[in-house]
*Asks:* 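Please see the structure below; I have some questions.
In this text the structure is predicted, and so the values were computed from the model without any measurement.
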Amino acid sequence: MFRDRLDAAELLAERLSHLKDSNPLVLAIPRGGVPMGRYLADALDGELDVVLVRKIRAPGNPEFAIGAISEDGTMKLDEAASHFSREAVEREAEQQRKLLEQRRQRYSPVRPPIPPEGRVVVIVDDGSATGATMEAALKTLRGRAKRLVAALGVASPSAVARLEEVADEVVCLDVPQRFMAVGQFYADFGQVEEDEVMELLEN
């Protein structure tokens, strides 16, 4: 178990130390990934930005992800999405797309998006149960970044296997066989507020 997100970020920085001379672009998945991204960017002498993706939640079960959508409209649905009506899934996807648009409007005055072209890009999050959100972020950047690295504190075995098909490198500190929720692996898993995200992006 990690003490908190910073504890996980410190361990990830050690595992990613080989990237220090490559001026990596660290893209954090808000909001939980942003404190970790700030630490990684500083430790690896890189730059910090956010990559905006949202889970597409199962109708009637918001805790269950059936896919993900990125701010450019790229959508990836899991097989489980076929169990729900197309209209319900599209309504959920549109709701998440609007949230992404609002979030970019809040973040852009702080720091316009940093172009990933030709860069070593590290996408970081505190953890992943399904891999859907991280996969959507990776696919958004495929063909633009020189190298894509997925960095996570904890993830399920199926999520790691999924990400290994998309990323050039996957660094995950803990891959437990029994996985229920990301928060169970952090002693302190308090919610990261928007004000903190804005402050971290300004630094």
*Asks:* Side chains of Glu194 and Tyr107: is there a donor and an acceptor less than 3.5 Å apart?
*Replies:*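 Their side chains do contain a donor-acceptor pair, which is all the 3.5 Å distance test asks for.
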*Asks:* Is it true that Glu135 and Lys139 have a side-chain N and a carboxylate O under 4.0 angstrom from each other?
*Replies:* yes
*Asks:* When the aromatic ring centroids of Phe185 and Phe179 are compared, is their separation below 6.0 Å?
*Replies:* yes
*Asks:* Can Glu47 and Arg119 be counted as an ion pair, charged N to O under 4.0 angstrom?
*Replies:*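 Yes, Glu47 and Arg119 are salt-bridged.
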*Asks:* Apply the hydrophobic cluster definition, ILVMFWY joined by side-chain contacts under 4.5 Å directly or through others, and give me every member besides Met180.
*Replies:* none
*Asks:* Taking only residues two or more places apart in sequence or in another chain, which ones pass side chain to side chain donor-acceptor pair (under 3.5 Å) with Gln184?
*Replies:* none
*Asks:* Salt-bridged, Asp78 to Arg162, with N to O below 4.0 Å?
*Replies:* yes
*Asks:* Quick check for you: to the nearest 0.5 Å, what is the distance between Phe2 atom CZ and Asp4 atom CG?
*Replies:*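 Nearest 0.5 Å value for the CZ-CG distance: 10.5 Å.
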*Asks:* How many angstroms lie between atom CD of Glu199 and atom CZ of Arg38, to the nearest 0.5 angstrom?
*Replies:* 11.0 Å
*Asks:* Would you give the length of the straight line joining atom CZ of Arg147 to atom CG of Asp168, rounded to the nearest 0.5 angstrom?
*Replies:*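 Answer rounded to 0.5 Å: 5.0 Å.
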*Asks:* Would you call Glu94 and Arg97 a salt bridge, using N to O less than 4.0 angstrom?
*Replies:*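 Judged by the 4.0 Å cut-off on N to carboxylate O distance, Glu94 and Arg97 do form a salt bridge.
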*Asks:* For the residue pair Arg3 and Tyr186, would you count it as a cation-pi contact if the rule is NZ or CZ under 6.0 angstrom from the ring centre and within 45 degrees of the ring axis?
*Replies:*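 No, cation not above the ring by the 6.0 Å, 45° rule.
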